[in-house]
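In this text, all values refer to a predicted model and were calculated from it rather than measured experimentally. Only heavy atoms go into these numbers, but all of them, side chains included; no hydrogens, no water, no symmetry mates.
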Amino acid sequence: MTTTPPPWPGDPLPERELELAAADRAVDALCRTRPEGGLLVYSGAAGIGKTSVLARVRARAAERCTVRTTRADPGTTAVPFHTARALFAPDLADTGGLAALLGPHRALAGPALGLTTPGEEPADPQGVQDALVALTARAARRHRARPLVLVLDDAHWADGESLGWLAALGPRLARLPLLLVVAHRPTEHAAEESRPHLDALGTAARLRVTLRALSPEAAAGLTRRALGTGADDALGRALWDATGGSPYELAELLARLREHPLDPGADQATAVRELAATVRGHRLADRLGGLGPDAARLAWAAAVLGAGIPLRLAASLAGLSPGRQATATGELRVARVLNPGDTVDFTHPLVAGAVYDAVPRSLRTTFHGRAAWLLTAEGHSPAAAARHLLEVHPDQDPALVEQLRRAAREHLAVGAPDAARRCLERALREPPEHHLRAHVHHELGCAALLTSPADTVRHLRTALELPGLDDTLRADATFRLAQALAHNQQMREASLSVAFAAATTEPGPERLRLQAAHFMYDAFRATEDDGPGRSRRLAQLADPLAGETNAERALLTLRAFDGMLRGENHTVVAEFCERALTDGHPAPGLGWTDTAWGFEYPCLAGITYAWIDELDRAEELFGEAVRAYEISGWSGGHLAFAHMLTGAVLRRRGRLAQAETRLRESLRLADRIGTGLPVHWDAVCLLVDTLLARGRTADAQRLAEARGFGPPYPDAMILPDAPSVHGRLLLALGRTDEAVAALEAASAVAERGRHNPVWAPWRRDLAGALATRDPERARALTRRLRVDAERFGTPTALGMALGCEAALAPAGAATALHARAVAHLEESPARDELARARVALGLATGDRDQLHRGLLLARTCGADALAEQARSALA
């Protein structure tokens, strides 16, 4: 993109030496034998000289580097990934190396970059962003001989999707052979959704510079350089006073004075002030009036269409013949409104903004409407034309509503839900025909699902209140409404929404789907009015089912999960899981990426397996989840949840160090999409539990405090039982009174009929805390723990219960109980529990072999404190 050269070409930019020296150092670091990438950010007001600084940076970098550059403009703000496409345009045009550049992310990055046709299903925005980051890394490595420099001017006008990609790229640049240089106005000039991305870029930058106005001395020097040594300091001071030291305005005034010198007898200060008024604001646009109506209409049309659009389309929009276009174009170039070239290219963003503001309001709306249809006729997609439709006044136009809906679908398919939301919100203002309003609200609710659960709830509730949705869409809207409510920690509302819909839906597949969702969200609640009653109703409905349809499989999955929580015999629970799956895998339609039923059902099957000691089955299911999400590019909350579940299996196996790594990765992924989500609570709870098992109490406490882990808990079940884990943390910290109170509160799970002693091991910890304070209560707790364990029947549950009983038993009886605990846990996949049991047996009997075997196993598990205890005993 060309720009008007300053009146001092080839000379150093005045008072920008430090800024350019910083860029030189960054380029030097990039070109070392071991390249070091980085990020430079230049900010400042309009006309302060950002573009001139970037032009010099580009010129210097181009001597040794491969430079890719673009400038955003107001017309591209609403076009998703426009800036990304512009920066990579030369690389994307290289068809020979394109496949290697896209790599395994072709399905995600291709549609966003305009290389492949978008699919029918929405793309995960986080997945698309990650794909672009990976593509950038590959591009940087391809250009290692001449390192890659990306330069973005006027980033405050870049589309939010591209800015999100650059913000995600920022922290990684130091490890890549890539330099990113960005210039933007103060963030208040950016769209609201873009401001956090600009702030993130500033935080990640190795250098962040705010450009300042030129000094009077610099203005005087530039005046002499442009007008000759005869120009005195008084004229330079008058120019500085008139422009405030703005490099752009100063350059414009000097260009005018070169063409039309001041009358020697005139008052210089007054003449300069009058001349300066013509290079800013509405007076700048007034220059068009002297050029004739054709030039004005062509400039207005160009300002509406935006940079990069062929001038022939601007002429068509303005209603000019080719001959009149040529004349008007020449006049606009002479007047320094447009740069030479065949596409729209204003000499400065201030000029473009002033011209756009000068377009009469009614004509501007007309131009935007005609521009949308003109671009569509040229073969552009609905999404490309949609930015113009957003500016058209509502007029009950069904065709416009349909085009906006198509554009929204295209935006969703490339991973731009915010752009889809803008289109659908504009469609509602048109408004749609009466029978389509519910459909548009439904689409808008679905579009906002990943970015704004509150907006999803509002629009889906409106869609359900309006006529127009058939049973399938009504069930889908209800299901997504419940998902959004659950995502927002409103489990009771989620349950009530599907319960009401189920009661008002005719018998059939959709009703069964809603009934299953009702049972599911009730099960997810931390509290409910009648947990045992719900379990009975679920058993009556699910027990006879064979698992022949997805509705039946969903109910059987819920039945297995509920049976696991209730502590029913593990073999019975496993049989329900078998009926719910197909050859051990989710049935078609109930898979990890199927949206009709949701990913919750395979999750519940895997969680059930994990807590009935069928860890191989659970690990296989959760491994499928991670692979499915990575292949599909779902790298947001779904992938975070899959990593959390895999971490849960590792924790259950006693592979504590690996579990910690996987759970921290889950938190990292979850943090990218928000805070306080269900996956955050689950991952933090499991991580605190894992750190306690490792003996790292201080780390567990810091994590709990930093993440707010503790009461009050959300109205959503946390994996595993959060009050039990919090009580164990308090015990480890020596805060016994608080721990006893927390563990007593944890007993509420028993009131709901949930007696799984492994999921909620509050009885074991409470019995230990009360051993000396209230021995009788402690013994009662261990007896009930033993009953629950024998009913559940897993080796882990039996070994844990016997170990607890042994810890409180008299010395004569303790040895046999410890030995039985070891025997059961040898059959259990929970290796850390076996290590603990062996050390306990060794300590009780003085058996050095048991202590040694416990020490080796504790080290393998990463149970550092237990290993130290065994080592000390052996010493």
Side-chain angles (χ1 to χ4, degrees), residues 1-7 44-52 71-77 153-154 156-157 183-186 188-191 213 239 242-257 259 272-309 311 314 317-318 328-341 343-368 371 387-388 391:
M1 182 177 291
T2 58
T3 55
T4 300
I48 205 64
K50 301 182 294 296
T51 298
S52 296
R71 169 190 271 175
D73 74 88
T76 65
T77 304
D153 197 3
D154 287 331
H156 51 281
W157 281 323
H184 64 79
R185 294 184 190 175
E188 57 265 24
H189 294 279
L239 289 168
T243 62
S246 164
Y248 165 73
E249 293 186 14
L250 187 60
E252 278 291 305
L253 283 181
L254 291 172
R256 297 286 188 86
L257 290 173
E259 297 169 0
V272 166
R273 281 197 302 273
E274 291 176 353
L275 188 60
T278 66
V279 302
R280 66 169 71 98
H282 68 278
R283 291 292 298 276
L284 186 152
D286 287 347
R287 285 156 42 190
L288 296 176
L291 301 179
D294 283 356
R297 285 185 68 85
L298 181 60
W300 292 344
V304 167
L305 284 169
I309 300 297
L311 274 172
L317 183 60
T329 301
E331 292 173 343
L332 291 172
R333 288 170 181 164
V334 170
R336 292 189 300 281
V337 174
L338 291 179
N339 283 317
T343 61
V344 174
D345 183 15
F346 284 92
T347 55
H348 195 277
L350 286 173
V351 176
V355 172
Y356 183 82
D357 291 339
V359 183
R361 186 172 297 273
S362 59
L363 181 60
R364 186 190 309 168
T365 301
T366 301
F367 270 5
H368 275 298
R387 73 175 183 88
H388 294 289
E391 305 298 330

Distance check, rounded to the nearest 0.5 Å: [X] atom [atom1] versus [Y] atom [atom2]?
X    : Y    : atom1 : atom2 : value
R333 : D345 : CZ    : CG    : 9.5 Å
T343 : I309 : OG1   : CD1   : 9.0 Å
L298 : T329 : CG    : OG1   : 5.0 Å

Do you know which two heavy atoms are closest between [X] and [Y], and how far apart they sit?
X    : Y    : answer
G44  : P186 : O-CD, 3.3 Å
A352 : A303 : O-CB, 4.2 Å
P247 : G47  : CD-O, 3.1 Å
A371 : L305 : CB-CD2, 3.8 Å

Under 3.5 Å, side chain of R387 to main-chain N/O of G75, donor-acceptor pair present? yes

Do R297 and L363 pass the side chain to side chain contact (heavy atoms under 4.5 Å, CB included) test, and can you show the C-alpha distance, the side-chain angles, and the key distance before you say yes or no? CA-CA 10 Å; R297 285 185 68 85; L363 181 60; 4.1 Å; yes

Given side chain to side chain contact (heavy atoms under 4.5 Å, CB included), test T51 with R71 step by step and report yes or no. CA-CA 9 Å; T51 298; R71 169 190 271 175; 2.6 Å; yes

Pairwise side-chain contact, [X] with [Y], heavy-atom cut-off 4.5 Å (strictly under):
X    : Y    : answer
N339 : F346 : no
L311 : V344 : yes
D154 : D73  : no
R364 : W300 : no
E252 : T243 : no
R185 : W157 : yes
E331 : D294 : no

Side chain to side chain contact (heavy atoms under 4.5 Å, CB included) with S246: which residues, sequence neighbours excluded?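 Applying side chain to side chain contact (heavy atoms under 4.5 Å, CB included) to S246 gives Y248, E249.
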
